Protein chains: 4
Amino acid sequence: MSTMIKVAILGASGYTGAELVRLLSRHPRVEMTVLTADRRAGRTMGSVFPHLSGLGLPDLVAMETVDYSAVDFVFCALPHGTTQEVVAGLPGSIRVADLSADFRFHDPETYAAWYGHAHMAPDLQKEVVYGLSELARPEIRKARVVACPGCYPTSAQLPLVPLIKSGLIEADGIIIDSKSGVSGAGRAAKEGSLFCEVTEGIHAYGIASHRHAPEIEQGLSLAAGKPVLVNFTPHLMPMNRGILSTIYVRMSEGVAVADLRRTLEGHYAGEPFVRVTPEGVVPQTRHVKGSNFALIGVFADRLPGRAIICSVIDNLVKGASGQAVQNFNLMMGLPETTALEQQPLFP
Amino acid sequence: MSTMIKVAILGASGYTGAELVRLLSRHPRVEMTVLTADRRAGRTMGSVFPHLSGLGLPDLVAMETVDYSAVDFVFCALPHGTTQEVVAGLPGSIRVADLSADFRFHDPETYAAWYGHAHMAPDLQKEVVYGLSELARPEIRKARVVACPGCYPTSAQLPLVPLIKSGLIEADGIIIDSKSGVSGAGRAAKEGSLFCEVTEGIHAYGIASHRHAPEIEQGLSLAAGKPVLVNFTPHLMPMNRGILSTIYVRMSEGVAVADLRRTLEGHYAGEPFVRVTPEGVVPQTRHVKGSNFALIGVFADRLPGRAIICSVIDNLVKGASGQAVQNFNLMMGLPETTALEQQPLFP
Amino acid sequence: MSTMIKVAILGASGYTGAELVRLLSRHPRVEMTVLTADRRAGRTMGSVFPHLSGLGLPDLVAMETVDYSAVDFVFCALPHGTTQEVVAGLPGSIRVADLSADFRFHDPETYAAWYGHAHMAPDLQKEVVYGLSELARPEIRKARVVACPGCYPTSAQLPLVPLIKSGLIEADGIIIDSKSGVSGAGRAAKEGSLFCEVTEGIHAYGIASHRHAPEIEQGLSLAAGKPVLVNFTPHLMPMNRGILSTIYVRMSEGVAVADLRRTLEGHYAGEPFVRVTPEGVVPQTRHVKGSNFALIGVFADRLPGRAIICSVIDNLVKGASGQAVQNFNLMMGLPETTALEQQPLFP
Amino acid sequence: MSTMIKVAILGASGYTGAELVRLLSRHPRVEMTVLTADRRAGRTMGSVFPHLSGLGLPDLVAMETVDYSAVDFVFCALPHGTTQEVVAGLPGSIRVADLSADFRFHDPETYAAWYGHAHMAPDLQKEVVYGLSELARPEIRKARVVACPGCYPTSAQLPLVPLIKSGLIEADGIIIDSKSGVSGAGRAAKEGSLFCEVTEGIHAYGIASHRHAPEIEQGLSLAAGKPVLVNFTPHLMPMNRGILSTIYVRMSEGVAVADLRRTLEGHYAGEPFVRVTPEGVVPQTRHVKGSNFALIGVFADRLPGRAIICSVIDNLVKGASGQAVQNFNLMMGLPETTALEQQPLFP
């Protein structure tokens with residue numbers, strides 16, 4: 001029998017932490033030995049998240065009490081800003097999948113410009129791999145620290161990076177209109193996340209100023225080989241899970257929508273988690289709920305030379321904890337789909 | 001005391017019909033004398049819509065039994081396609097506010113191309129006024145038949161027509177990403193409108209093929225003085241009421257976002273129902289729920305030279321029955337806000 | 001023309017405060033001259049509640065800055081516990097409708113037992129009238145201070161008090177299973193009120209310990225002329241507004257369900273806001289949403305000698321602000337339905 | 001390696017059929033060889049339920065075309081009333097888990113009285129086992145045909161049967177107030193299941209006349225050893241999945257709430273899917289969503305001698321397809337939890 005990999009989850013009392021526990025509880029090679037949650041230290045996971053009762057988990061502990069000598073791998077699900085120092089302080093022998101934004105930017109200056117303070121671990125940043133699993137598999141396998149992409153950037157880059165690289169679409173003037181469920185805002189008690197403030201309505205937020213814009217631009221710029229700006233407009237809507245990015249692009253001269261679909265189908269052929277929907281089939285967020293799948297649909301626009309891409313994921317799975325587990329599998333040389341096989345939950 | 005205006009509502013058993021009843025029940029000059037609903041003929045309105053019990057309404061009757069001699073005004077809330085013949089068959093002395101799409105196109109050929117059959121009342125079409133209240137007040141006042149705009153076209157044209165007319169934005173390449181509540185699909189029992197198929201998710205539909213696209217294009221083409229095509233992508237999301245149109249536009253050379261806001265503020269100054277939100281304030285659909293208000297916000301884009309407009313209405317009020325009542329008030333020489341004064345319901 | 005009544009709303013930044021503003025904005029005899037909100041002092045009401053923009057309201061102020069010399073009537077929508085001292089400190093010439101629990105108990109000892117501290121205005125308590133409008137109209141008309149009932153107690157007492165008084169049901173062993181929307185929890189940012197914690201599920205809370213239990217028992221004890229205990233089990237469910245109380249009662253010897261319905265119909269005949277549904281028609285909370293209506297249905301049980309009562313209200317209207325306005329109308333000698341005429345909003 | 005069990009699912013295009021597919025797709029010993037759906041025959045499962053794409057499933061076929069020679073086991077998820085003849089017509093060598101109500105009543109007369117027509121397979125009925133897994137394990141193991149319990153009866157009998165058998169509670173006068181999500185109504189396009197008719201509200205239905213009442217009574221009568229009537233009042237509320245039954249019981253003389261909890265804990269100790277919550281912890285439907293778990297909480301009532309039980313399940317899993325798979329595992333001698341191990345999905 002194979003040995004178990006001892007895993008610590010830092011920040012287990014948030015939604016992404018809980019989602020890591022949910023997924024890893026089915027992982028045949030993982031033993032969760034450490035769960036941290038500073039404000040809830042001393043409590044059981046089942047008292048904080050009753051749906052995770054009965055799993056034989058260790059109690060929640062404060063982060064400063066963790067003994068890392070019995071930890072092989074760390075999932076870091078801490079808030080943005082606090083993560084850099086934590087990860088920098090871990091023993092160098094421990095591999096890390098970080099779910100925060102703290103290590104997503106190749107250029108610490110970009111981080112500083114958007115997050116309001118200097119990067120606190122610029123040296124470590126140099127060795128971090130940006131872990132959009134399907135687009136950086138070889139690098140992820142070898143990385144010690146992987147920065148897992150944001151939820152919106154995952155939904156946007158999966159279709160756009162291959163299309164830009166192929167030269168089929170113009171990298172300039174891309175418009176990304178995204179719609180997100182509320183779990184993306186986390187479990188913090190904020191007025192804007194209250195049921196009555198969110199249900200029965202929709203609104204845009206962070207217009208032209210959301211921190212996922214530069215993350216998307218970083219990926220598209222690399223793909224295009226030149227600096228790219230995008231319009232990115234997120235919306236908050238009443239659902240627990242799910243992101244739909246409706247993306248408006250201009251095709252290159254002589255390119256047809258069928259070319260876009262064919263290229264994406266080719267690029268993702270054989271991928272276990274990314275699917276291009278058949279012509280005319282519109283992806284729905286509810287069709288990936290609870291799963292690590294991404295669905296991409298490509299459609300002709302009424303405006304000549306333009307196309308519309310619909311990209312859906314579950315923000316807590318492929319947009320966060322699922323992709324982190326996928327990266328963990330890659331990093332540890334395990335089958336990539338381990339613990340991620342379950343089908344979406346519908347209705 | 002003023003005499004009462006005798007009103008018939010054709011198609012009272014749908015959501016827009018019920019909304020007409022809700023609004024008109026508070027109208028001091030209206031007596032609802034006829035309510036039709038073919039499949040529910042003989043029933044009380046309160047048995048079909050319990051929230052409308054106790055209003056002293058006449059029972060529902062089949063359309064062919066209506067005696068129009070005691071009717072001064074008809075609100076027609078029938079399905080698309082069946083309306084043309086009904087309205088053409090009404091006595092010429094009766095004024096009409098039609099909520100269907102049947103008379104919205106100046107050119108019967110456009111209707112035929114999008115609705116799949118020849119227009120059945122092309123002569124009558126010539127005298128119909130397209131009734132976006134704020135943009136066609138003088139014509140509406142004099143019209144015998146007013147075609148009330150669709151819900152999406154109302155949300156799109158309110159901000160776009162003045163901006164195009166003013167030359168501040170380019171009429172080409174406009175992208176309209178709209179999100180709608182489920183009541184827009186009506187009360188018909190369709191699998192796609194079931195709770196379980198709609199809640200906890202979002203999806204686009206009618207991509208590049210929705211029938212409200214040519215209606216929007218008609219209005220924008222008139223404003224631009226040249227043919228205009230738009231991208232219009234509607235989405236269905238889990239809420240009862242509300243439409244948000246997030247609109248992506250290119251500004252003309254030298255124009256700034258502040259110019260757009262100032263122009264819209266000027267255009268709608270003094271309007272009772274259309275408001276431009278202050279700089280930085282994002283309109284939410286839930287802030288117009290149940291009311292005839294439209295809110296418009298204007299925002300700078302990250303892409304130079306571009307702007308983002310958020311336009312929200314309640315699809316059943318300003319997007320349907322409320323605007324019909326507003327037009328009724330205009331046509332009958334009554335104060336425009338009569339029966340439309342109530343504030344939105346939040347939460 | 002009649003003079004305007006100058007009204008202060010203390011605690012205007014909560015949901016019940018906002019609902020008071022929504023309703024009173026249509027009241028022809030009310031001028032809202034003072035709106036308090038300590039943490040939001042200095043802001044406009046429209047910035048705190050965008051759906052209440054454009055009403056020409058005064059800005060929010062801190063409570064200690066209010067000059068009561070220009071105030072005729074106070075609506076007090078402050079949190080439980082802080083209200084007693086505030087109301088006791090008001091000039092004796094000002095009449096008050098209080099929406100908190102602070103003055104609902106005739107016996108200050110009951111208050112102390114359930115709210116954890118001694119009553120702070122026991123002398124004032126003696127002159128306070130418990131304001132379930134339909135059941136205490138004469139006393140409310142003359143009262144200086146009216147304690148408006150809680151939402152659950154309103155839904156429970158409306159059907160139960162007449163039935164107990166008439167002797168048709170046993171006062172012992174009544175079971176009240178109530179289901180409430182989330183607005184009842186107020187606008188405070190609490191984890192338990194977050195969208196993700198409330199949507200897609202239901203749970204009981206405050207089992208056998210909710211503070212509305214003694215309030216219901218007070219009313220039923222008075223009706224029965226002896227001490228009465230009830231089972232009251234509230235549940236939190238994903239909707240903005242609405243309370244359904246499903247009430248299980250034993251009928252007195254020889255009584256039939258038709259007797260219960262007939263008695264309630266007789267008791268509420270002519271009442272503008274309370275309706276008994278026809279036999280077989282089940283009340284739904286959505287059929288009173290946004291209105292001051294209460295619907296009561298009575299049904300036979302499978303268990304011999306027992307009956308089931310369904311009672312629905314909008315917790316923010318008849319369960320709070322609407323009943324407060326109704327009481328205001330009674331206290332000021334105005335038509336009782338003023339500003340409360342609007343129909344429910346459905347869907 | 002073990003041979004695969006060839007499974008047919010009759011009625012695969014409904015929600016319970018889809019849920020069977022979702023669960024069985026993870027079952028290492030199952031090969032789904034036949035999926036029937038008469039109106040959708042010829043289509044792929046992925047076109048009917050996009051969340052079940054990519055599973056390598058056979059296309060949907062009409063029921064009369066099925067060749068049962070290559071089928072080992074049938075899951076029957078057909079509508080009530082049509083199932084009796086279908087199951088009676090299957091080869092006697094095939095074992096069956098039936099999800100309809102058609103074989104749930106030991107006495108065909110009870111079926112006839114509640115379903116409006118004579119039982120069509122009374123001989124077969126004699127050998128059918130009522131399959132509440134935890135309560136009839138030995139019989140289920142040996143059965144050829146198992147009638148899987150209804151969703152409400154599962155939630156009610158799990159706590160009540162052991163308590164009645166133990167004599168701790170009175171079998172008379174039990175009140176079961178149940179709240180269900182909308183998926184229980186199936187995927188049929190009915191007005192009452194439309195999003196707009198269900199969201200933002202709650203209502204009782206089938207008061208004293210729901211067909212699950214006699215099913216519950218059958219189980220409780222057997223437990224009590226005498227005929228038992230119950231009050232059962234179901235409510236429809238806006239959530240996809242979940243049933244909460246709040247149950248009001250009288251305890252036998254001298255019994256305390258702690259006795260009830262201790263007895264249930266003892267009865268379900270070691271059960272993989274049934275859990276009694278710790279004292280003071282209230283079960284929530286969202287904490288079992290997507291899983292086969294049942295949670296039971298026991299609470300003291302304010303009324304002396306009475307107790308309150310909260311019982312929650314996912315109606316599509318433990319209340320339907322999950323329990324069917326659990327029974328399949330029992331019948332085939334497989335580990336009972338196979339394919340049912342996944343944790344609930346929250347949020």
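Note that the coordinates shown come from a computational prediction; the quantities given were computed from them, not determined experimentally. Below, chains carry the letters A, B, ... as their sequence lines are ordered, and counting in each starts from 1.
- You'll find the side chain of D:Asn240 reaches within 4.5 Å of the side chain of B:Thr199, heavy atoms only.
- If you measure heavy-atom distances from D:Ala185 to chain B, you find no contacts under 4.5 Å at all.
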Between side-chain atoms of residues 10-24 of chain B and protein atoms elsewhere (two or more places apart, or another chain), which donor-acceptor pairs fall under 3.5 Å?
residue : atom : partner  : partner atom : Å
B:Tyr15 : OH   : D:Glu197 : OE2          : 2.5
B:Glu19 : OE1  : B:Arg22  : NE           : 3.2
B:Glu19 : OE1  : B:Arg241 : NH2          : 2.8
B:Glu19 : OE2  : B:Arg22  : NE           : 3.3
B:Glu19 : OE2  : B:Arg22  : NH2          : 2.7
B:Glu19 : OE2  : B:Arg241 : NH1          : 2.9
B:Glu19 : OE2  : B:Arg241 : NH2          : 3.3
B:Arg22 : NH2  : B:Gly290 : O            : 3.3

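- Applying a 4.5 Å heavy-atom cutoff, none of the residues of residues 47-62 of chain D approach chain B.
- With a 4.5 angstrom heavy-atom cutoff, B:Glu191 touches chain D via backbone and side-chain atoms both.
- When each of D:Cys196, D:Pro238, D:Ser193 is checked for a side-chain contact (heavy atoms from CB on, under 4.5 Å) with B:Phe195, only D:Pro238 meets the rule.
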